[in-house]
2 protein chains.
Amino acid sequence: MPRPRSLTPDQLATAALAVIDRDGLAGLSMRAVAQEIGMSTMGLYRYVEDRGELEQLVIDRVLDTVDPMPPDRGRPWHERIEIMVERLRGVVGSHPWLVPLIIAHRHRSATILRWSEPVAAILAEAGLDGRERVIALRSLLAYVVGAIQLEQLGPLAGAGTQVIADRAELPYLSETARHAHDVTTDEEFHGGLALLLRGIGGGPAIR
Amino acid sequence: MPRPRSLTPDQLATAALAVIDRDGLAGLSMRAVAQEIGMSTMGLYRYVEDRGELEQLVIDRVLDTVDPMPPDRGRPWHERIEIMVERLRGVVGSHPWLVPLIIAHRHRSATILRWSEPVAAILAEAGLDGRERVIALRSLLAYVVGAIQLEQLGPLAGAGTQVIADRAELPYLSETARHAHDVTTDEEFHGGLALLLRGIGGGPAIR
DNA sequence: CCTTTAGGCGTACGGCATACGCTTACGATG
DNA sequence: CATCGTAAGCGTATGCCGTACGCCTAAAGG
């Protein structure tokens, strides 16, 4: 009976994401999204309660593209976890501006749960008991969250690291920084993950 | 010759920190800090270029309390790293509102460098070569950053986890969540760190 | 005592989220 | 086809925010 909606939540999320990808997180405002759609600012409030709900819409839209299918069970379990982690990193990494938003809304998102389910299953198969599983799962999440942020904020082989390499008062750190340029972003991420997996008990043997 | 300054940067940082600790990060505004000091809003701009510089002041003030002294060399190196990590977590954890600010300003902060120096030294002593050191150091930082945020956003034994425990469509995850209540925040943090250290090669032997 | 310099304040602007009330398009019903 | 209830969409207004700019004044050197 009433007038039909002229916008789907998905169109709204797409518009907001376009704004973010173009102008960064700071460019995201109700006005900007309304303009992107070609609607008045207040018209948006017919679709979302407030700005937070719009953000949630964007995050869900992006995170929903993470494939939650358990990987082929023929592989060793640490490889399967790597695959799951890499899927998450791939999706988040293609929208780096979203990272702070995802962090802030993490607890409300169903995707993290859907992602965690197969990971928990793999850890159980690997023989970890309940308590070990709790700790391993949280550690993996902590590592992924932290690594993605560090990666986004300053590439390892970038200018910031170069500055450190020249600091005479920090001999060990600068010596370490000089080795940074031949570690790619991917090697760094997977290297760290491999350390964690080895600690959990599933990685290749100790050096 | 000119009129002397009536405020030290430290007083400014202290006032801003008081506002944050009382009203949260959202409560931090130039107006609020000015009122806290008993000065007009624009008076603050005699001391800082802009809001960002005020934030930097607060972060430096807090992070400067992290003890950068290398721990007693008699201990095994993985214990020494644990001590360094715990110092960082202790300081940041007592001002949880600051976490997003610290993340955003991370690259400008000298404290992280001062902290990283002894950690790099310990890793070198442990026998890691340059490349391994780069990866281990970044991993530790990633874990700490991620874990502190996860810890702050949702306690493991809290209501959020309880909800998960009742989700029938996520059998492995909910089974895992049911074990969460007997893992304290500290156990979780140190358990994850122990996994990472074991992977690096310095933790207690594999299970 | 006078001059100079920076300290401190008030005002004003443009941007933000959003509360509220009006107008209007729609489509089900008579 | 005419009518009307409902929700869509818009305009206005409020109260935040950071901060540019110009004025007045305190204080120290000569």
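The figures that follow rest on heavy atoms only: side chains count, while hydrogens, waters and symmetry mates do not. These numbers come from a predicted model, not from an experiment.
- Annotation: salt bridge (Lys or Arg N to Asp or Glu O under 4.0 Å) contacts of A/Arg75 (sequence neighbours excluded): A/Glu79.
- The side chain of B/Arg5 approaches C/dG7 more closely than any other nucleotide in the set C/dC9, C/dG7, D/dA8.
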If the sugar-phosphate is the primed atoms plus P, OP1 and OP2 and the base is the rest, what is the B/S/- string for nucleotides 16-25 of chain C, using protein heavy atoms under 4.0 Å? BBBBB---BB

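- Contact annotation: B/Tyr47 side-chain N/O to C/dG7 OP1/OP2 distance is not under 4.0 Å.
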Validation: residues 112-121 of chain B side-chain donor-acceptor distances under 3.5 Å, sequence neighbours left out:
unit_1   : atom_1 : unit_2   : atom_2 : d
B/Arg114 : NH2    : B/Asp64  : OD1    : 3.3
B/Trp115 : NE1    : B/Met84  : O      : 2.9
B/Ser116 : OG     : B/Ile112 : O      : 2.7
B/Glu117 : OE1    : A/Tyr172 : N      : 3.4
B/Glu117 : OE1    : A/Leu173 : N      : 2.8
B/Glu117 : OE2    : A/Tyr172 : N      : 3.0

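- Pairs of residues two or more places apart, or lying in two chains, that qualify as salt bridge (charged side-chain N to carboxylate O under 4.0 Å, His left out) and include a residue from residues 14-30 of chain A are A/Arg22-A/Glu36.
- Rounded to an integer number of Å, the gap from B/Gln35 CD to C/dC9 C1' is 15 Å.
- For A/Ala13, the side chain to side chain contact (heavy atoms under 4.5 Å, CB included) criterion is met by A/Leu57, A/Arg61, not counting sequence neighbours.
- The side chain to side chain contact (heavy atoms under 4.5 Å, CB included) search around A/Arg51 returns A/Leu28, A/Met30, A/Glu55, not counting sequence neighbours.
- Checking A/Arg133 against B/Thr176 by side-chain atom types alone, a donor-acceptor pair falls below 3.5 Å.
- For DNA chain D, no neighbouring residue in residues 13-25 of chain B is found when judged by any heavy atom under 4.0 Å.
- Among residues at least two apart or in separate chains, ring-ring contact (aromatic ring centres under 6.0 Å, His included) pairs with a member in residues 129-150 of chain A are A/Tyr143-A/Phe189.
- A search for side chain to side chain contact (heavy atoms under 4.5 Å, CB included) contacts involving A/Val145 returns A/Ile103, A/Gln149, B/Gln149, B/Leu150, not counting sequence neighbours.
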